[in-house]
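Chain letters run A, B, ... following the sequence lines, proteins first and then strands; every chain starts at 1. Keep in mind that what you see is a predicted model, and the values were worked out from it rather than measured.
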There are 2 protein chains.
Amino acid sequence: MTAPIPTKDDLLNIRQMCDAFDVTPRTLRFYEAKELIAPLRRGTARLYTYRDRARLKLILRGKRFGFSLEDIRQLLDMYDRAPGQQEAQLRRTYELAADRLAQMERQRAELDEAIAELKEQMAWGGSVLAGFRNAAE
Amino acid sequence: MTAPIPTKDDLLNIRQMCDAFDVTPRTLRFYEAKELIAPLRRGTARLYTYRDRARLKLILRGKRFGFSLEDIRQLLDMYDRAPGQQEAQLRRTYELAADRLAQMERQRAELDEAIAELKEQMAWGGSVLAGFRNAAE
DNA sequence: CGTTACGTTTACGTGCGCGTCAACTTGTCT
DNA sequence: AGACAAGTTGACGCGCACGTAAACGTAACG
């Protein structure tokens with residue numbers, strides 16, 4: 001098998017983790033230093049649980065969105081601190097999420113605008129290219 | 001007047017330029033060092049022409065698109081040499097823009113997804129909060 | 001004439017997200 | 001036991017896009 005799909009309670013070492021997510025060991029250790037993930041230890045060696053894999057997935061997605069690792073750390077804390085929490089703390093979390101959501105929606109609006117502008121520019125360039133094609137005949 | 005709108009042949013000093021575009025002097029000098037703009041000099045002092053202003057506008061727009069300054073420099077150079085430009089070079093630019101556009105649209109799709117997920121989480125948290133309120137009566 | 005404001009160059013500092021050694025320990029195989 | 005792979009912890013380096021401080025020039029104002 002070229003793809004030994006890990007089950008929920010499999011524990012992956014750092015190499016398997018890197019292969020699975022296409023990252024380097026340095027990256028995983030860096031994320032750990034930044035408290036984004038916290039793998040188990042067998043002696044000194046790291047063992048990555050299902051939870052770590054789920055978190056890493058979210059980390060990489062967050063990165064594609066353009067969030068900083070610090071942003072992502074806060075989001076992750078929010079995601080899993082939810083169950084069994086005191087009301088006040090949960091409400092704090094909720095408000096943090098609301099802020100984040102607003103931020104994301106602003107970001108989306110800006111992205112939409114940028115996309116529209118770029119399309120406009122490209123239409124202009126496209127017309128110039130069309131001119132070239134006409135002149136070429 | 002709080003807004004002394006500059007005409008095409010006005011020359012702006014660095015402060016006016018910064019106020020007009022909401023950047024710092026350091027930024028303008030940095031862009032100049034990177035050969036993105038090339039203001040006139042009166043003695044040693046910089047004087048920004050209409051052309052500089054137009055270029056800065058494009059630079060800042062490019063940044064919003066997520067281009068690096070080096071990318072932007074190349075695009076500006078091509079833009080300058082546009083009159084009498086070879087089709088090939090312009091097409092390069094066009095393709096570069098198309099790639100970037102595709103990236104941005106992927107990013108937008110992912111952002112939408114993330115927003116949806118976050119909203120879902122928040123609905124869940126909201127229901128928990130509602131439960132607290134019921135238990136409190 | 002001094003001083004205040006604004007500009008200049010040069011150069012080192014910063015935050016982010018890792019890359020890249022070096023030096024060491026820890027299994028694993030033969 | 002010896003060798004080798006794979007892991008570990010520092011610690012320094014890097015590219016980008018500037019921030020920041022030092023030391024200096026220049027022009028206008030009172």
Side-chain angles (χ1 to χ4, degrees), chain A residues 4 6 10-49 52-53 55-76 103 107 110 114, chain B residues 4 6 10-49 52-53 55-76 96 100 103 107:
Chain A
D10 272 340
L11 297 177
L12 303 192
N13 66 22
I14 201 167
R15 197 85 286 289
Q16 297 169 322
M17 199 67 173
C18 289
D19 292 346
F21 290 92
D22 193 33
V23 293
T24 70
R26 180 65 178 95
T27 297
L28 293 181
R29 290 194 271 258
F30 184 76
Y31 291 169
E32 188 177 344
K34 294 281 171 176
E35 300 189 283
L36 288 152
I37 44 183
L40 298 175
R41 296 298 183 118
R42 181 166 54 199
T44 69
R46 292 165 173 83
L47 288 176
Y48 294 92
T49 68
D52 294 318
R53 300 197 287 278
R55 289 174 72 92
L56 182 54
K57 211 175 192 173
L58 290 174
I59 292 167
L60 298 179
R61 176 184 297 169
K63 286 201 54 187
R64 284 195 308 267
F65 298 163
F67 289 110
S68 73
L69 292 184
E70 175 55 23
D71 287 343
I72 294 170
R73 194 186 59 75
Q74 291 181 29
L75 279 173
L76 283 174
Q103 206 175 318
Q107 192 177 334
E110 283 178 30
Chain B
D10 272 340
L11 297 177
L12 304 191
N13 65 24
I14 201 168
R15 196 87 287 289
Q16 298 170 322
M17 198 69 173
C18 289
D19 292 346
F21 290 93
D22 193 35
V23 294
T24 69
R26 181 66 177 95
T27 298
L28 293 181
R29 290 194 270 259
F30 184 76
Y31 290 170
E32 186 177 345
K34 293 281 172 176
E35 300 189 284
L36 288 152
I37 44 183
L40 298 175
R41 296 295 184 119
R42 181 166 54 199
T44 68
R46 291 167 174 82
L47 288 176
Y48 294 90
T49 68
D52 294 318
R53 301 197 286 278
R55 288 174 73 93
L56 182 54
K57 212 176 193 173
L58 290 174
I59 291 168
L60 297 179
R61 177 183 295 169
K63 286 201 59 185
R64 267 177 294 145
F65 294 165
F67 288 107
S68 72
L69 291 185
E70 175 56 23
D71 286 344
I72 293 171
R73 194 187 59 74
Q74 291 181 29
L75 288 174
L76 282 174
L96 218 158
R100 189 67 203 145
Q103 276 181 41
Q107 193 176 334

Q107(A)/Q103(A) under side chain to side chain donor-acceptor pair (under 3.5 Å): CA gap, chis, key distance, verdict: CA-CA 6 Å; Q107(A) 192 177 334; Q103(A) 206 175 318; 5.8 Å; no
Whole angstrom value for the distance that separates C1' of dC16(D) from NZ of K34(B): 8 Å
Spacing between M17(B) atom CE and dC6(C) atom C1', to the nearest angstrom: 17 Å
SB check R73(A) E70(A) (cutoff 4.0 Å): yes
Minimum-distance nucleotide to R26(B) side chain [options: dG19(C), dT9(D), dA11(C)]: dA11(C)
Nucleotide of dA17(D), dG17(C), dT8(C) approaching L69(A) most closely (side-chain heavy atoms): dG17(C)
Closest to the R46(B) side chain, choosing from dT8(D), dT8(C), dG17(C): dT8(C)
Nearest to side-chain heavy atoms of F30(A), which nucleotide of dG19(D), dT8(C), dG17(C): dG17(C)
Min side-chain heavy-atom separation L28(B)-L56(B) under 4.5 Å: yes
Side-chain heavy atoms of I37(B) within contact of I59(B), under 4.5 Å: yes
Per T27(B) side chain, nearest of listed nucleotides dT8(C), dC18(D), dG7(D): dC18(D)
Among dC18(C), dG7(D), dT9(C), the one nearest A45(A) by side-chain distance: dG7(D)
N13(A) side chain near dG7(D) phosphate (N/O to OP1/OP2, under 4.0 Å): yes
Nearest-angstrom distance from the residue atom CG of D71(B) to C1' of dC16(D): 12 Å
Distance in angstrom units between I14(B) CD1 and dA27(D) C1', rounded: 17 Å
Which nucleotide in dG19(C), dG7(C), dT8(C) has an atom nearest any side-chain atom of T24(A): dG19(C)
Rounded distance (Å) that lies between atom P of dT14(C) and atom CD of E70(A): 19 Å
Touch class at under 4.0 angstrom, heavy-atom based, for R41(B) against every strand present: sugar-phosphate
Residue closer to the 5' end of DNA chain D, K63(B) versus T44(B) (nearest nucleotide): K63(B)
L47(A) CG to dT26(C) C1', straight-line distance once rounded to whole Å: 13 Å
N-O pairing of E32(B) and R26(B) below 4.0 Å: no
Whole angstrom value for the distance that separates P of dC18(D) from CD of E32(B): 15 Å
Integer-rounded Å distance: dC6(C) C1' and Y48(B) OH: 14 Å
Short side-chain N/O contact from R29(B) to OP1 or OP2 of dT20(D), under 4.0 Å: no
Y31(B) side chain, from C-beta outward: closest of dG17(C), dG19(D), dC18(D): dC18(D)
